[in-house]
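Take a look at the structure set out below.
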Amino acid sequence: MPEPKIRLVNIGITFRPRDREAVVAVQNVSLAVEEGSIVTIVGPSGCGKSTILNAVSGLLTPSSGYAEIGGQRVSGIRHDVGYMFARDGMMPWRTALRNVEFGLEVRKIANRRDVARDWLRRVGLEKFEDHYRHELSQGMRQRVAVARTFAIDPDVLLMDEPFGALDSQTRLLLQELFLTVWESTRKTVLFVTHDLHEAIFLSDVVVVFTNRPGRVKSVIPIDLPRPRVPPAELATATEFRDIYARIWGDLRDEVRVFE
């Protein structure tokens, strides 16, 4: 068997604030993400989903265990990882084009203007390259964020509720756009969402976390063919409903726990 692109080995993360009791965020999390796949973590709020992404990115050092990317242990921030958040993160003093260029500038890519223009075209914003953040809708800003993330050509994409702040119609369109772009690149993606429909539509595997401290409760393969049909159509399929019921069955009791 080939080595997974991302591997988490017995990761535990405890936060120790000075004036409060320690908080165990995640505990004994082990997970393998195959190269070229989309794996989504779902779980109740506060169970450590985003914390796991921060450990994979190198922004946070686990209290125990470790993360690997491509067989190399993560020991700091890596330039082969793209990270997309719920908020678009556009710099308001830069145009859409120059926002997409930013990561390429940092990496000193010579043809960054051409690369940025190509990615704006792929996300349907070629006519808006000179627009600033305040001139773009929220959905358009997230498309800029998609372009900016893919433009740096990362080996791994970490995505933390990237479409969570959008209205339902725009969210569906952005999900479809993301899969179209992903199909052309087949990047390895570790995705976090609270939306089970989104998790099933996008993913090859869905991982259910327990309530805090977050642990892996179940790993559920999504045996639906690619390319996926549109979300509204997929949601009516019997196979989709069966997968949804299984995930919700594992998640329901965890969501009901309040501390």
Side-chain angles (χ1 to χ4, degrees), residues 3-35 37-87 89 149 154-165 187-196 198-199 202-220 247 250-259:
E3 282 290 315
K5 186 66 175 180
I6 303 172
R7 193 159 72 105
L8 312 181
V9 180
N10 295 325
I11 285 185
I13 297 172
T14 301
F15 296 108
R16 302 183 186 278
R18 290 184 178 181
D19 55 349
R20 296 188 302 277
E21 292 185 4
V23 175
V24 181
V26 297
Q27 191 173 63
N28 297 329
V29 171
S30 293
L31 182 66
V33 180
E34 292 184 7
E35 186 165 9
S37 68
I38 301 176
V39 172
T40 297
I41 301 173
V42 299
S45 295
C47 72
K49 302 182 294 295
S50 299
T51 301
I52 285 292
L53 294 190
N54 288 337
V56 176
S57 72
L59 290 172
L60 185 155
T61 301
S63 307
S64 59
Y66 58 92
E68 289 182 346
I69 296 177
Q72 296 182 339
R73 189 172 297 201
V74 175
S75 59
I77 295 174
R78 299 175 58 115
H79 294 293
D80 57 351
V81 174
Y83 205 151
M84 187 172 170
F85 302 92
R87 296 189 178 276
T149 304
D155 288 339
V156 167
L157 286 175
L158 305 177
M159 309 190 74
D160 191 359
E161 293 273 6
F163 312 129
K187 299 296 183 182
T188 305
V189 180
L190 188 57
F191 198 100
V192 162
T193 185
H194 285 94
D195 186 328
L196 300 191
E198 179 173 78
L202 297 179
S203 306
D204 298 294
V205 175
V206 172
V207 180
V208 178
F209 266 32
T210 67
N211 195 41
R212 191 176 66 240
R215 300 179 300 276
V216 175
K217 183 171 186 177
S218 58
V219 178
I220 300 170
I247 295 172
D250 286 346
L251 187 58
R252 182 191 298 111
D253 290 341
E254 304 303 327
V255 175
R256 285 176 173 169
V257 176
F258 296 97
E259 297 182 346

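Fair warning: this is a prediction, and the values are worked out from it, not measured in the lab.
Counting only distance, with no hydrogens or angles, the side chain of Thr210 and the backbone of Arg215 share a donor-acceptor pair below 3.5 Å. Distance alone, capped at 3.5 Å, places no donor-acceptor pair between the Lys5 side chain and the Val156 backbone. Within the 3.5 Å criterion, the main-chain N or O of Asp195 finds a donor-acceptor partner in the side chain of Thr193.
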Could you list the donor-acceptor pairs under 3.5 angstrom formed by side chains in residues 8-26, with sequence neighbours left out?
residue: Asn10; atom: OD1; partner: Ser30; partner atom: OG; Å: 3.2

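Note that CG of Leu190 is 10.5 Å distant from OG of Ser57, once rounded to the nearest 0.5 Å. With values rounded to the nearest 0.5 angstrom, Gln72 atom CD is found 12.0 Å from Glu3 atom CD. Distance CG/Asp160 to CZ/Phe191: 9.0 Å, rounded to 0.5 Å. Rounded to the nearest 0.5 angstrom, Tyr83 OH and Arg78 CZ are separated by 15.0 Å. A distance of 10.0 Å separates OG1 in Thr188 from CG in Asp204, rounded to the nearest 0.5 Å. Residue Leu196 holds its CG atom at 6.0 Å from CD1 of Ile247, rounded to the nearest 0.5 Å.
Residues Val42 and Val206 meet the side-chain proximity criterion, which asks for heavy atoms closer than 4.5 Å. Looking only at side-chain heavy atoms (C-beta outward), Val216 and Phe209 come within less than 4.5 Å of each other. Pro44 places a side-chain heavy atom less than 4.5 Å from the side chain of Leu251. When side chains are defined from C-beta on, Asp250 counts as touching Ile220, because their heavy atoms get closer than 4.5 Å. For the pair Pro154 and Val81, the minimum side-chain heavy-atom distance is 4.5 Å or more.
Here the shortest heavy-atom pairing between Ala55 and Ala67 reads O-CB, 4.3 Å. Of all heavy-atom pairs between Asn211 and Ser45, the closest is OD1-O, 4.4 Å.
Between Val39 and the options Ile6, Val33, Leu202, Val219, a side-chain contact (heavy atoms from CB on, under 4.5 Å) holds for only Val33.
Sorted by first then second residue, the salt bridge (Lys or Arg N to Asp or Glu O under 4.0 Å) pairs that include residues 41-63, not counting sequence neighbours, number zero.
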Just do the side-chain contact (heavy atoms from CB on, under 4.5 Å) check on Met159 and Val189 with the steps written out, would you? CA-CA 7 Å; Met159 309 190 74; Val189 180; 4.0 Å; yes
